[in-house]
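Heads up, the thing below is written out as structure tokens.
Treat the numbers as computed from the prediction; the structure is a model and nothing was measured. Numbers here are sequence positions counted from 1. Note that these values count all heavy atoms, side chains included, but never hydrogens, waters or copies made by symmetry.
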Amino acid sequence: MAVYVSLIHYPVYNKEKRVVATSLTTLDIHDIARSSRTYGVKGYYIVQPIENHLWLANKLLSFWQGGHGREYNPKRWEALKLVKAVPYIEDAISDIEKVEGKKPYIVSTSAKRYEHTISFRDLKSKIENEDVPFLICFGTGWGLTEEFIESSDFILEPICGPTDYNHLSVRSAASIILDRLLGLR
């Protein structure tokens, strides 16, 4: 089972539905890394094309992956050692292909319902039974672009609660999705 995740800052929408690159949030790096480590994810990619933000991500990672942070909090290092910051999704895909010897299936996530989604149960089965890596893509801002989602191999069904409110933080959504796909039952 080879599952990877990516937090995509571009291409995503802003609230006016314009395609933008969003700002880096360091909490997203820490929290999704911790969820990734908990559920056995092999790697976590921060996809951030803005040069200064990419520098900041790498600066944070160097502190926790090899600097004082590693000694100060080894549990945090254990999670953050999974993280790589790259400018574009193609870089993450290429990196996974080098490690796994196969191109990963791209799985888009969205709070919006699409006609041809895959259920959590069916994707969990594919992850457990297919010899292909999976890259689960989470969007920042107001979500991944339609073009990105439609070009993916799978579109995961949205997380739905008992109300009509559906606007989780990406950190919360990532934790729920990883638990549904990789958690013990």
Side-chain angles (χ1 to χ4, degrees), residues 1-9 12 24-48 57 60-61 63-66 69-70 73-86 89 91-112 114 117-140 143-144 148-149 152-161 166-185:
M1 175 175 73
V3 176
Y4 295 80
V5 298
S6 63
L7 182 62
I8 299 177
H9 291 84
V12 294
L24 184 75
T25 305
T26 57
L27 284 175
D28 291 341
I29 297 173
H30 286 270
D31 288 354
I32 295 173
R34 292 164 76 177
S35 294
S36 295
R37 176 63 181 94
T38 297
Y39 290 102
V41 168
K42 290 186 76 174
Y44 166 30
Y45 294 89
I46 304 295
V47 179
Q48 175 53 268
L60 179 141
L61 292 171
F63 174 80
W64 288 103
Q65 291 173 343
R70 179 177 178 169
N73 190 338
K75 290 259 187 231
R76 185 69 53 95
W77 165 77
E78 197 173 321
L80 287 165
K81 71 181 180 182
L82 299 174
V83 185
K84 281 187 180 179
V86 297
I89 191 65
D91 299 311
I93 293 167
S94 175
D95 195 53
I96 294 166
E97 195 170 4
K98 284 178 194 164
V99 171
E100 300 293 335
K102 296 178 184 175
K103 188 174 179 184
Y105 283 136
I106 306 302
V107 180
S108 288
T109 62
S110 177
K112 181 180 166 186
Y114 286 82
T117 60
I118 188 168
S119 69
F120 287 99
R121 181 185 342 248
D122 289 347
L123 185 57
K124 182 177 180 69
S125 177
K126 285 184 176 297
I127 289 169
E128 291 171 347
N129 296 306
E130 294 193 21
D131 188 29
V132 176
F134 289 79
L135 176 59
I136 302 169
C137 301
F138 298 99
T140 57
L144 297 167
F148 185 96
I149 290 171
S152 62
D153 297 298
F154 301 103
I155 305 168
L156 187 60
E157 68 181 331
I159 299 167
C160 295
N166 192 9
H167 196 71
L168 292 167
S169 71
V170 71
R171 294 181 303 280
S172 295
S175 293
I176 292 166
I177 288 169
L178 291 176
D179 184 66
R180 289 184 181 177
L181 295 176
L182 306 174
L184 300 176
R185 297 286 177 260

State the [atom1]-[atom2] distance between [X] and [Y], to the nearest 0.5 angstrom.
{"X": "Leu135", "Y": "Ile106", "atom1": "CG", "atom2": "CD1", "answer": "4.5 Å"}
{"X": "Lys81", "Y": "Gln65", "atom1": "NZ", "atom2": "CD", "answer": "10.0 Å"}
{"X": "Tyr39", "Y": "Leu184", "atom1": "OH", "atom2": "CG", "answer": "8.5 Å"}
{"X": "His30", "Y": "Thr25", "atom1": "NE2", "atom2": "OG1", "answer": "11.5 Å"}
{"X": "Ser108", "Y": "Phe154", "atom1": "OG", "atom2": "CZ", "answer": "11.5 Å"}
{"X": "Ser169", "Y": "Asp28", "atom1": "OG", "atom2": "CG", "answer": "7.5 Å"}

Problem set entry | Check against side chain to side chain contact (heavy atoms under 4.5 Å, CB included), Asp95 and Val86 | CA-CA 10 Å; Asp95 195 53; Val86 297; over 6 Å; no
Exercise. So Ile118 and Leu156, side chain to side chain contact (heavy atoms under 4.5 Å, CB included) or not? Walk me through it.
Worked result: CA-CA 5 Å; Ile118 188 168; Leu156 187 60; 4.2 Å; yes
4.5 Å side-chain heavy-atom contact, [X] and [Y]:
{"X": "Arg121", "Y": "Arg180", "answer": "no"}
{"X": "Leu60", "Y": "Leu24", "answer": "no"}
{"X": "Tyr45", "Y": "Ile89", "answer": "no"}
{"X": "Val99", "Y": "Tyr4", "answer": "yes"}
{"X": "His9", "Y": "Ile46", "answer": "yes"}
{"X": "Leu181", "Y": "Val3", "answer": "no"}
{"X": "Pro104", "Y": "Ile93", "answer": "yes"}
{"X": "Leu61", "Y": "Ile29", "answer": "yes"}

For this session: Let me see the working for Phe148 and Ile8 under side chain to side chain contact (heavy atoms under 4.5 Å, CB included), right down to the final yes or no.
Result: CA-CA 11 Å; Phe148 185 96; Ile8 299 177; 3.5 Å; yes
For this session: Take the angle between the ring planes of Tyr105 and Phe134 and call it parallel below 30°, perpendicular above 60°, tilted in between.
Result: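 Ring orientation of Tyr105 relative to Phe134: tilted.
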Exercise. Can we say Asp131 and Lys102 salt-bridge, meaning some charged N sits less than 4.0 Å from an Asp/Glu carboxylate O?
Worked result: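 Yes.
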For this session: State whether the number of non-hydrogen atoms from other residues, nucleotides or ligands found under 6.0 Å of Arg37 atom CZ is greater than 12.
Result: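 At most 12 heavy atoms, drawn from other residues, nucleotides or ligands, come within 6.0 Å of this atom.
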Exercise. Any chance CZ of Arg171 has more than 12 other-residue heavy atoms, nucleotides or ligands included, within less than 6.0 Å?
Worked result: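 Enclosed.
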For this session: With side chain to side chain contact (heavy atoms under 4.5 Å, CB included) as the test, would you mind laying out the steps for Phe120 and Ile159 before giving the verdict?
Result: CA-CA 9 Å; Phe120 287 99; Ile159 299 167; 4.1 Å; yes
Of all the heavy-atom pairs spanning [X] and [Y], show the shortest one and how long it is.
{"X": "Ala174", "Y": "Ile32", "answer": "CB-CG1, 4.0 Å"}
{"X": "Ala33", "Y": "Leu80", "answer": "CB-CD2, 3.8 Å"}
{"X": "Leu144", "Y": "Thr109", "answer": "CD1-O, 3.7 Å"}
{"X": "Val170", "Y": "Gly139", "answer": "CG2-O, 3.6 Å"}
{"X": "Arg76", "Y": "Arg34", "answer": "NH2-NH1, 3.3 Å"}
{"X": "Ser152", "Y": "Ile149", "answer": "OG-O, 2.6 Å"}

Side-chain ([X]) to main-chain ([Y]) donor-acceptor, under 3.5 angstrom:
{"X": "Ser94", "Y": "Asp91", "result": "no"}
{"X": "Trp64", "Y": "Arg70", "result": "no"}
{"X": "Lys124", "Y": "Gly183", "result": "yes"}

